[in-house]
Amino acid sequence: MNRISRPHPRPWASRRLICLSFAGGGTVGFRPWAQQLPVDIELRALCYPGRESRFGDQVPGGWQGLVDDCVTALRNEVRGPYVLYGHSMGALVAFEAARALQARGAEGPDGLVLSGHIAPQHWTGTRTAALSAAPDEELACWLEATGGAPRAVLADPDLRSLAVDLLRLDMTAYSAYRFEPGERLRAPIHLMVGEAEWSPLYEGWAELTDGSYSQVVLPGGHFFTPRVWGALPLHMPLSTDTTAGLAG
C-alpha cells in the first residue's frame, strides 16, 4: 500500500518535503508546489484513508489511528532527509507523528513546517466537535467560507457530498485530540499563520521544541490568500543552507 504520493518524482533529490493535509483534504492542493521547489527537493504528499488512491481504506482507532497510519507511512515509504509540513489538522498530525518517531528512536524529520493551527496545548476541540455534528449544509458552507474545497467541487452535488463526508470523518477524529505533555522535540519548528487569524495561542509552538523556532505572519486567513497558498513553499525554510540550520 502506497500512502505517500509523488506528483513530480525526482529520484536524484537529496531531500523531501512531505505534506499532510487539513481536515477533509487530500493531496491535490499540494501538487502544484512540486515544480516550484529547488531541483534537489522532491515533493511528496501523504494521502489519508478514505480518499483518492485510498478511497476504500479505513483506519480504526480514531485520532490515534490516523497518527499511527502516518507514522507507518513515514517509516516504510521515506528514506533519507525530509521536512514534514502540515496545515491545520495536518499540523497536529505532523507534530504527533514526529513525537512518536522520536520516542521510538526512529528516523524522523529534519524539521517541522506548520501552518494554520494554534499550539496543541491550547487546543480543546470544542468548535470542531460541534462542526462534526453539524448538518451537511453547514459543513458545506464552512468549506466554502474557509477555502477548504474548490468551488468546482462544491458546485457538483456528488463531489460536494463526498467532501462533506470526508470533512465530518476527519473532524470527528480531530476533535478528540488532547495534548499530552512529554519529551520536547529535537527537530526545529517553523510556523506560518495568516494575519487575519493570528493570536498569541500560536506562539505556544515555541515551547514544544529544543530546536530552533521561527514564525512568519502572511496575508490572508486560515488558507492565507490564493496567491500566498499557491507559492507557500517560498515561505518555508527549505534551501540547502536553511535546512542545514534546521537540522541543528
Side-chain angles (χ1 to χ4, degrees), residues 3-4 16-25 27 30 44-49 59 61-75 77-78 81-125 127-128 170-171 173-194 197-216 222-223 232 235-238 243 246-248:
R3 296 173 172 89
I4 299 179
R16 287 136 203 90
L17 171 64
I18 300 177
C19 301
L20 307 182
S21 185
F22 47 89
T27 67
F30 304 123
R44 299 187 183 184
L46 187 140
C47 183
Y48 299 141
V59 174
W63 172 262
Q64 192 57 50
L66 187 62
V67 173
D68 290 345
D69 186 70
C70 177
V71 169
T72 298
L74 294 171
R75 294 193 68 174
E77 299 179 36
V78 180
Y82 68 94
V83 170
L84 195 57
Y85 167 68
H87 179 71
S88 195
M89 182 187 81
L92 285 188
V93 179
F95 170 71
E96 290 297 344
R99 285 217 295 179
L101 289 166
Q102 180 172 299
R104 298 175 193 182
E107 182 178 7
D110 287 343
L112 287 181
V113 179
L114 309 173
S115 62
H117 208 289
I118 62 172
Q121 63 269 39
H122 301 308
W123 169 253
T124 65
R127 181 167 178 264
T128 302
D170 287 350
M171 282 195 161
Y174 176 28
S175 64
Y177 173 80
R178 296 296 180 270
F179 174 74
E180 294 184 8
E183 182 182 9
R184 288 156 62 100
L185 284 179
R186 293 187 289 274
I189 294 175
H190 176 70
L191 179 70
M192 301 178 291
V193 57
E197 71 169 11
W198 185 89
S199 82
L201 298 181
Y202 283 88
E203 295 185 341
W205 283 109
E207 304 168 7
L208 304 178
T209 179
D210 286 328
S212 62
Y213 174 79
S214 55
Q215 179 185 129
V216 61
H222 189 61
F223 284 91
L232 204 59
H235 302 281
M236 301 181 186
L238 300 174
T243 303
L246 274 176

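Both backbone and side-chain heavy atoms feed into the values below; hydrogens, waters and symmetry mates do not.
A donor-acceptor pair is defined here as one N or O able to donate and one able to accept, closer than 3.5 Å; such a pair exists between the side chain of Y48 and the backbone of S21. At distances below 3.5 Å, not a single donor-acceptor pair connects side-chain atoms of R186 with backbone N or O atoms of T209. Side-chain atoms of R44 come within 3.5 Å of backbone atoms of E77 as a donor-acceptor pair (strictly under, hydrogens ignored).
Rounding to the nearest 0.5 Å gives a distance of 10.0 Å between CD1 of I118 and CD of E197. In this structure, the separation between OG on S212 and NE2 on H190 is 10.0 Å, given to the nearest 0.5 Å. To the nearest 0.5 angstrom, F223 atom CZ is 11.5 Å from L232 atom CG. A distance of 11.5 Å separates OH of Y174 from CG of L66, quoted to the nearest 0.5 Å. How far CD1 of I18 is from CD1 of I4: 5.0 Å, rounded to the nearest 0.5 Å. Taking CG of D170 as the reference point, atom OG1 of T128 lies at 11.0 Å (rounded to 0.5 Å).
Applying the salt bridge (Lys or Arg N to Asp or Glu O under 4.0 Å) test to every pair with at least one member in residues 82-96, sequence neighbours left out, gives these pairs: E96-R99.
Listed here is the closest heavy atom pair of E203 and Q215: CG-NE2, 3.7 Å. Heavy atoms only, all atoms of each residue included: H117 and A91 are closest at CB-CB, 3.9 Å. Residue A187 comes nearest to Q102 through the heavy atom pair N-OE1, 4.5 Å, listed as atom of the first residue, atom of the second, then distance. When all heavy atoms of V71 and A100 are compared, the closest pair comes out as CG2-CB, 3.9 Å. Shown here for F22 and S88, the closest heavy-atom pair between the two residues is CB-CB, 3.8 Å. The minimum heavy-atom distance linking A73 with R3 is given by the pair CB-CD, 3.5 Å.
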Pair Y85, S115 - check side chain to side chain contact (heavy atoms under 4.5 Å, CB included), show working. CA-CA 8 Å; Y85 167 68; S115 62; 2.6 Å; yes

Going through the distances and angles, do H222 and H87 end up as a side chain to side chain contact (heavy atoms under 4.5 Å, CB included)? CA-CA 9 Å; H222 189 61; H87 179 71; 3.8 Å; yes

Report the C-alpha distance between L208 and L185 in whole Å, list the side-chain angles of each, state the deciding distance to 0.1 Å, and finish with yes or no for side chain to side chain contact (heavy atoms under 4.5 Å, CB included). CA-CA 6 Å; L208 304 178; L185 284 179; 5.8 Å; no

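Legend: residues meeting side chain to side chain donor-acceptor pair (under 3.5 Å) with R16, ordered by chain and number and at least two apart, are absent. Partners of R184 under the side chain to side chain donor-acceptor pair (under 3.5 Å) rule, at least two apart in sequence or in another chain, are D210.
Across F95, F179, W123, a single residue satisfies ring pair (Phe, Tyr, Trp, His ring centres under 6.0 Å) together with W205, and that is F95. The one candidate from L92, L20, I189, L84 that meets the side-chain contact (heavy atoms from CB on, under 4.5 Å) condition with L114 is I189.
A 4.5 Å side-chain heavy-atom check between P237 and V113 finds at least one atom pair inside the cut-off.
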